[in-house]
> 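Sharing a structure here in structure tokens format.
A note on names: the letters A, B, ... follow the listed sequences, proteins ahead of strands, and every chain is numbered from 1.
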Protein chains: 2
Amino acid sequence: MAEANISDLIEQYLKEILSQDEITEIKRSEIASRFAVVPSQINYVINTRFTLQNGYIVESKRGGGGYIRIEHVDLVDDTKIFDELIDYIGDSIGNNNADQIITALLEDKVVSEREANLMVAAIDKNSLRISDKVSENTVRARVLVGMINRLRFESTNIHG
Amino acid sequence: MAEANISDLIEQYLKEILSQDEITEIKRSEIASRFAVVPSQINYVINTRFTLQNGYIVESKRGGGGYIRIEHVDLVDDTKIFDELIDYIGDSIGNNNADQIITALLEDKVVSEREANLMVAAIDKNSLRISDKVSENTVRARVLVGMINRLRFESTNIHG
DNA sequence: ATAATATTAGTCAGGAATGGTCAAATTATG
DNA sequence: CATAATTTGACCATTCCTGACTAATATTAT
């Protein structure tokens, strides 16, 4: 597809590196100049694409010999991360963030694609839309219908 | 006899593209100017003609390099059971009735046990509890945590 | 040791480029 | 005529990109 954003390209570049090693250390200024962007854009990419809900842990150090270390964590093996994930969700979460979490669960094979699709359908914003009139049973109907509609389609994507 | 309105023409145009590729990415403003309509009419066309029930999955992103992605997916062979269930559910359904529907899907082997458990967790009455100050994101957090906890409660392995 | 300087990375706010929502106005349909 | 579908526009939300300023750490000078 059309990955028009530089941020997307930087993301791809970093994930390419991480597909070979579970952990990598980069120099912010080096990546920035490689893609001809200001250094702070690297922070932007990391903050929007390499978060815990995406399955990454990031550490850094400033000063001479400074670095940014990105580690891909395996949700299956790390119960503690799992706890932190639920902790992160807390009392409130938006549709996009929730989708990211489910994507991370899928990529780490905690759930199958069919299961992930059901989860995405369950937390869809159209289903959970709340107005004055809605009752619990109204929302339940929408959530259930949303999940059933998801089942109407074959799983098309890869990831298996 | 139905005179083709602009929305119909836009629909045809998009479906023409989708007849060649299963998936396409458009720029809302580009399509809008091509047909000389306001951008939000593209949303109207998508919301009325490219729905899940019709076999389309739509995703979008805003901001620079934003897009609307439309994917056409194939219906599974036996769709009758879904229609009937959705018809039965209607606009409102209680926890027990919903559980029964999910059990029926499980017994018919439409869903696996893990999938059924996820669905049950999603429509749990504690998750969908609605009071005066709940927001959409509040309910979403409860639904998502409920499903994740269900996954932990079982084995966290897809093949387990 | 301590201070000064150099070398990193982090934060934040703003502007630009998208797409989304909602309801009023208009048009088509039965 | 009554209702549903379409069309429009004002306003909102999100994402990306930049740069000025800040913070932390290492190195060098005194």
Side-chain angles (χ1 to χ4, degrees), chain A residues 1-14 24-51 53-54 56-71 92-100 124-133, chain B residues 1-14 24-51 54 57-70 135-137 140:
Chain A
M1 287 294 110
E3 300 285 337
N5 306 319
I6 297 183
S7 288
D8 287 335
L9 297 178
I10 297 171
E11 175 191 5
Q12 283 177 21
Y13 175 76
L14 295 177
T24 185
E25 270 183 17
I26 62 171
K27 279 209 171 308
R28 187 178 78 151
S29 56
E30 182 194 306
I31 304 294
S33 68
R34 179 189 297 267
F35 287 92
V37 298
V38 295
S40 61
Q41 182 154 1
I42 308 305
N43 296 92
Y44 173 73
V45 172
I46 287 173
N47 289 331
T48 54
R49 293 154 163 85
F50 293 89
T51 63
Q53 71 258 30
N54 277 310
Y56 296 91
I57 290 178
V58 178
E59 296 173 331
S60 64
K61 197 170 79 169
R62 310 187 193 186
Y67 58 81
I68 300 177
R69 177 187 304 157
I70 307 176
E71 180 183 4
S92 173
I93 190 169
N95 208 153
N96 289 349
N97 280 139
D99 282 348
Q100 285 183 2
D124 186 85
K125 65 179 185 305
N126 288 319
S127 298
L128 298 185
R129 193 182 57 251
I130 292 181
S131 63
D132 301 338
K133 279 261 186 159
Chain B
M1 190 48 213
E3 198 118 339
N5 52 42
I6 296 184
S7 289
D8 287 336
L9 295 179
I10 297 172
E11 175 190 6
Q12 284 174 25
Y13 174 77
L14 294 177
T24 184
E25 270 183 14
I26 62 171
K27 280 210 172 305
R28 188 179 76 151
S29 56
E30 183 192 306
I31 304 295
S33 68
R34 179 188 298 267
F35 287 92
V37 297
V38 295
S40 60
Q41 181 152 3
I42 308 305
N43 295 91
Y44 174 73
V45 171
I46 286 174
N47 290 331
T48 55
R49 293 152 163 87
F50 292 87
T51 64
N54 288 325
I57 294 175
V58 179
E59 295 174 329
S60 65
K61 195 167 81 168
R62 309 186 194 186
Y67 58 80
I68 299 176
R69 176 185 304 160
I70 308 175
S135 68
E136 168 187 329
N137 286 2
R140 178 176 295 108

> For residues A:Y13 and A:R34, determine if any side-chain heavy atom of one lies less than 4.5 Å from a side-chain heavy atom of the other.
yes
> How many angstroms lie between atom CD1 of A:I42 and atom CG of A:N47, to the nearest 0.5 angstrom?
11.0 Å
> In whole Å, what is the span from the NZ atom of A:K125 to the P atom of C:dG19?
15 Å
> Does B:S7 have a side-chain nitrogen or oxygen under 4.0 Å from the phosphate oxygens OP1 or OP2 of D:dA5?
no
> Taking only the side-chain nitrogens and oxygens of B:K61, find out if one of them lies under 4.0 Å from OP1 or OP2 of D:dC16.
yes
> What is the distance, to the nearest angstrom, from the CG atom on A:N96 to the C1' atom on D:dT14?
8 Å
> Please classify the nucleic acid contact of A:G64 as base, sugar-phosphate, or nothing, using heavy-atom distances under 4.0 Å.
base
> Identify, between A:I68 and B:I68, the residue whose nearest nucleotide on DNA chain C lies closer to the 5' end.
A:I68
> How long is the line joining CD1 of A:I31 and P of C:dG10, in whole Å?
13 Å
> Look at the side chain of B:S33 and the backbone N and O of B:E30, then say whether any donor-acceptor pair between them is shorter than 3.5 Å.
yes
> Please state how far atom CD1 in A:I70 lies from atom P in C:dG10, giving the value in whole angstrom units.
10 Å
> What's the CZ-P distance between B:R69 and C:dT18, to the nearest Å?
17 Å
> Where along residues 33-49 of chain A does a heavy atom fall under 4.0 Å from DNA chain D?
A:V37, A:V38, A:S40, A:Q41, A:Y44, A:R49
> Expressed as a whole number of angstroms, how long is the span from A:I6:CD1 to C:dT18:C1'?
16 Å
> In this structure, which one of A:I46, A:I10, A:I68 forms a side-chain contact (heavy atoms from CB on, under 4.5 Å) with A:I31?
A:I10
> Under 3.5 Å, is there a donor-acceptor pair between the side chain of A:R69 and the main chain of A:E59?
no
> Got a donor-acceptor contact below 3.5 angstrom from the A:D124 side chain to the A:N126 backbone?
yes
> Out of D:dT6, D:dA24, D:dA13, which nucleotide sits closest to the side chain of A:R62?
D:dA24
> Just the rounded figure in Å: distance from C1' of C:dT21 to CG of A:N126.
11 Å
> Could you tell me how far apart A:L9 (CG) and D:dT15 (P) are, to the nearest whole angstrom?
18 Å
> Between C:dG20 and B:R28, counting only base atoms on the nucleotide and side-chain atoms on the residue, is there a donor-acceptor pair under 3.5 Å?
yes
> Under a 3.5 Å cutoff, is there a donor and acceptor pairing between the side chains of B:N43 and B:S40?
no
